[in-house]
Amino acid sequence: MNRTLLILLLQIVIFFYNLILLFLYTPRKLEEKFVLSILVSVGISLFLFFFIKGIDNTLKKQYFRISIFFILGFLIVHFQIYIDYLLGNTRFFNFNYFINTRIAPKALIVSALAINIFFIGYILRIFFQRLLRTEPTKIKIYNFNSTKKLEWFIFLLFLGFLGFANLNYFKGNYGRVELGSIATHIQTFFLHAVSAYIIVVSYKIKRDNQHLSLIKFLSNFSIPIYISLGIYMVLVLVSGDRGPLIQISLLFFAGYVYTQNKKINPVIYMAGIAIATVLITLLGIIRSMQPGATFSERSSQAAELNTTLTTESSFSPSTFELAISLRTLNAAVDYTKKNGPKYGLIQFNQLIAIVPGLGSLFRSMTGYENKELISADILTHHILGSNPSHGLGTSCVADVYLDYKTFGVIIYFLLFGFFVRGIEYNAFKDHIPNLLIWVFAFVFIYKAIYIGRSSITILLRECIVIYIIIRIFNLKATNYLKFEK
């Protein structure tokens with residue numbers, strides 16, 4: 001633990017270094033030396049993070065972790081464009097993704113502070129675990145008599161999705177043709193129900209301490225569910241949407257890794273990430289092709305185009321689509337400078353959406369519009385004007401910054417780092433964790449790489465919705481398990 005304490009102190013030094021730069025020396029425009037100094041501090045902070053030592057071997061050599069996926073996505077979103085800037089690649093997109101080069105230096109420091117304080121929160125959780133290690137804790141164990149009701153619910157949602165969906169959507173028109181409002185809502189609940197189902201089955205396997213091969217693990221899920229998911233994934237894949245495929249695949253894989261406490265070989269791990277990155281990039285290119293082409297024609301064109309990608313546009317072309325979300329943070333800094341922060345309104349709006357219809361009621365009572373309550377809408381309108389042609393999304397830092405500026409980012413990511421370490425540690429322990437923690441472990445692992453360009457509060461909301469679905473469908477407490485932490 002002496003090494004971890006030293007790393008914590010060094011992380012704190014780096015944090016105050018960046019904080020001093022923010023308040024005492026932030027250039028009025030982008031300067032290479034300044035950008036380099038910030039990126040070096042982030043690099044050192046990242047390097048130190050991978051030498052952290054836990055209180056035991058639970059997470060030792062475990063690379064399938066929320067923190068690693070989150071860090072990867074965060075670095076791509078918030079720092080890749082700045083590396084391109086240092087390499088001279090920004091001349092190919094004329095600084096468009098910085099929004100305002102006078103704002104970019106401050107946005108860069110805020111990003112560095114966010115990831116640095118995340119590391120600090122993560123390490124503090126280790127010391128907190130050490131303090132509580134000898135205290136006995138009771139964990140409620142649940143008995144799932146049957147998942148049949150949940151399976152039927154999933155099947156009915158699937159039929160509803162097919163019945164209300166716009167069929168033109170499935171002709172490679174993701175992002176061009178609306179799926180339909182009813183079908184979109186049904187799809188959301190369908191994915192939540194599928195997540196709940198996979199989490200429940202995995203919970204039973206972990207609870208019963210079953211040691212299974214991957215094939216045996218997958219055989220625990222019902223064939224009708226596989227058929228429904230197979231048809232669904234083919235349809236959304238043909239439409240050009242890649243999100244559900246990634247989500248469902250990671251859910252199954254997370255279930256296997258969590259229940260069996262598998263530690264993935266780093267070579268296989270990196271190869272899997274590389275293959276997934278290429279596939280995701282190809283899908284992104286496919287959906288940007290001309291509307292008249294068939295999916296197979298777009299696939300062939302995308303494969304040819306992908307082979308011609310070079311570092312002329314970015315040092316990492318395959319992650320460039322994710323990296324351009326940087327503009328949302330720069331826009332958030334610019335927006336709050338001109339209009340002031342929202343003081344929690346954005347996070348509040350996201351949380352009340354847990355209750356269907358409550359968000360609409362809140363808007364009707366207050367007169368607020370989406371472009372005043374949702375960070376993605378606020379930033380899209382700020383960048384593209386009052387009549388945007390498409391949405392630009394958000395980033396996890398921008399989402400918080402719009403509400404509370406730098407102070408809020410520091411507090412939020414400190415708590416998030418503390419939270420993530422606790423989830424990871426409990427998910428890989430030999431005993432079954434608290435059910436809500438189990439839900440968090442699944443939702444955050446399949447969303448982790450996209451958290452960088454999303455909202456953490458929305459993920460918390462999704463976890464609560466899935467937990468409620470599980471509690472509604474066949475859940476009964478039977479006993480308590482006492483153990484030593």
Side-chain angles (χ1 to χ4, degrees), residues 4 7-8 11-12 15 42 45-46 48-78 111-132 195 199 247 250-251 253-254 257-258 261 263-264 269 273 347 350 395-397 399-400 408-429 433-464 466-467 485:
T4 303
I7 291 173
L8 174 62
Q11 294 282 13
I12 293 173
F15 170 78
V42 171
S45 187
L46 178 66
L48 292 171
F49 174 79
F50 287 103
F51 285 91
I52 295 170
K53 186 177 180 181
I55 59 176
D56 53 35
N57 293 327
T58 299
L59 295 177
K60 187 177 181 180
K61 295 184 179 180
Q62 178 55 264
Y63 303 104
F64 188 77
R65 285 155 53 186
I66 298 168
S67 57
I68 292 178
F69 281 114
F70 165 71
I71 291 166
L72 176 61
F74 188 97
L75 294 178
I76 291 170
V77 168
H78 296 91
S111 298
L113 287 169
I115 193 65
N116 184 230
I117 201 69
F118 170 84
F119 293 148
I120 292 172
Y122 191 93
I123 298 170
L124 287 175
R125 184 63 168 84
I126 295 175
F127 287 100
F128 184 77
Q129 285 172 303
R130 189 181 187 187
L131 291 174
L132 297 182
S195 300
I199 291 169
Q247 173 179 335
L250 278 174
L251 273 170
F253 189 67
V257 174
Y258 285 154
N261 286 343
K263 295 188 176 181
I264 311 301
Y269 184 78
I273 291 177
Q347 308 308 316
Q350 291 173 161
S395 81
C396 58
V397 180
D399 189 67
V400 179
V409 169
I410 291 171
I411 299 300
Y412 205 88
F413 280 86
L414 175 71
L415 295 175
F416 184 58
F418 191 90
F419 170 79
V420 166
R421 173 66 191 197
I423 296 298
E424 288 179 344
Y425 182 76
N426 283 286
F428 284 105
K429 291 294 288 182
N434 177 282
L435 178 60
L436 185 57
I437 291 176
W438 190 242
V439 172
F440 280 131
F442 276 83
V443 174
F444 275 85
I445 194 67
Y446 75 67
K447 294 282 191 180
I449 201 164
Y450 282 114
I451 292 175
R453 70 171 188 185
S454 182
S455 164
I456 296 171
T457 305
I458 286 179
L459 291 190
L460 293 173
R461 185 184 74 197
E462 186 172 331
C463 290
I464 293 171
I466 291 172
Y467 177 77
K485 271 193 174 180

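In this text, all values refer to a predicted model and were calculated from it rather than measured experimentally. Every heavy atom of this structure was used, including side-chain atoms; hydrogens, water molecules and symmetry mates were not.
Between the side chain of E462 and the backbone N or O of V443, no donor-acceptor pair lies under 3.5 Å. The backbone N or O of N116 lies less than 3.5 Å from no partner atom in the side chain of S45, so there is not a single donor-acceptor pair. Side chain of D399 to backbone of S455: no donor-acceptor contact under 3.5 angstrom is found. When atom types are taken as modelled, the side chain of R453 and the backbone of C396 share no donor-acceptor pair closer than 3.5 angstrom. With W438 contributing its side chain and I199 its backbone, the two residues share a donor-acceptor pair below 3.5 Å. A distance-only check finds no donor-acceptor pair linking the side chain of K447 to the backbone of I456 [under 3.5 Å].
Contact check for I451 versus F74: no side-chain heavy atoms found under the 4.5 Å cut-off. At a threshold of 4.5 Å between non-hydrogen side-chain atoms, the residues E424 and T58 do not count as touching. Counting only heavy atoms from C-beta outward, the side chains of Y122 and L8 never approach each other to under 4.5 Å. Between I126 and I52, some side-chain heavy-atom pair lies under the 4.5 Å cut-off. With contacts defined as side-chain heavy-atom distances shorter than 4.5 Å, the pair I445/F69 qualifies. Side chains of I71 and L75 form a contact here, defined as non-hydrogen atoms less than 4.5 Å apart. Between I120 and I117 there is a side-chain heavy-atom pair separated by less than 4.5 Å. F413 places none of its side-chain heavy atoms less than 4.5 Å from the side chain of I115.
Scanning all heavy atoms of the two residues, the minimum distance from Y446 to S195 falls at OH-OG, 3.6 Å. The nearest pair of heavy atoms linking V77 to S395 is CG1-CB, 4.3 Å.
In this structure, the ring of F70 has its center no less than 6.0 angstrom from the ring center of F444. Here the two rings, on F418 and F128, have centers that are under 6.0 Å apart.
Distance check: I449 CD1 to L250 CG gives 9.0 Å after rounding to the nearest 0.5 Å. Summarising the geometry, atom CD1 belonging to I411 is positioned 15.5 Å from atom CZ belonging to F416; distances are rounded to the nearest 0.5 Å.
With sequence neighbours left out, Y258 forms a side-chain hydrogen bond (donor to acceptor under 3.5 Å, both in side chains) with no residue at all. For F119, the ring-ring contact (aromatic ring centres under 6.0 Å, His included) partners two or more places apart in sequence, or in a different chain, are F49. Taking the ring-ring contact (aromatic ring centres under 6.0 Å, His included) definition, one finds that F50 meets it with nothing, sequence neighbours left out.
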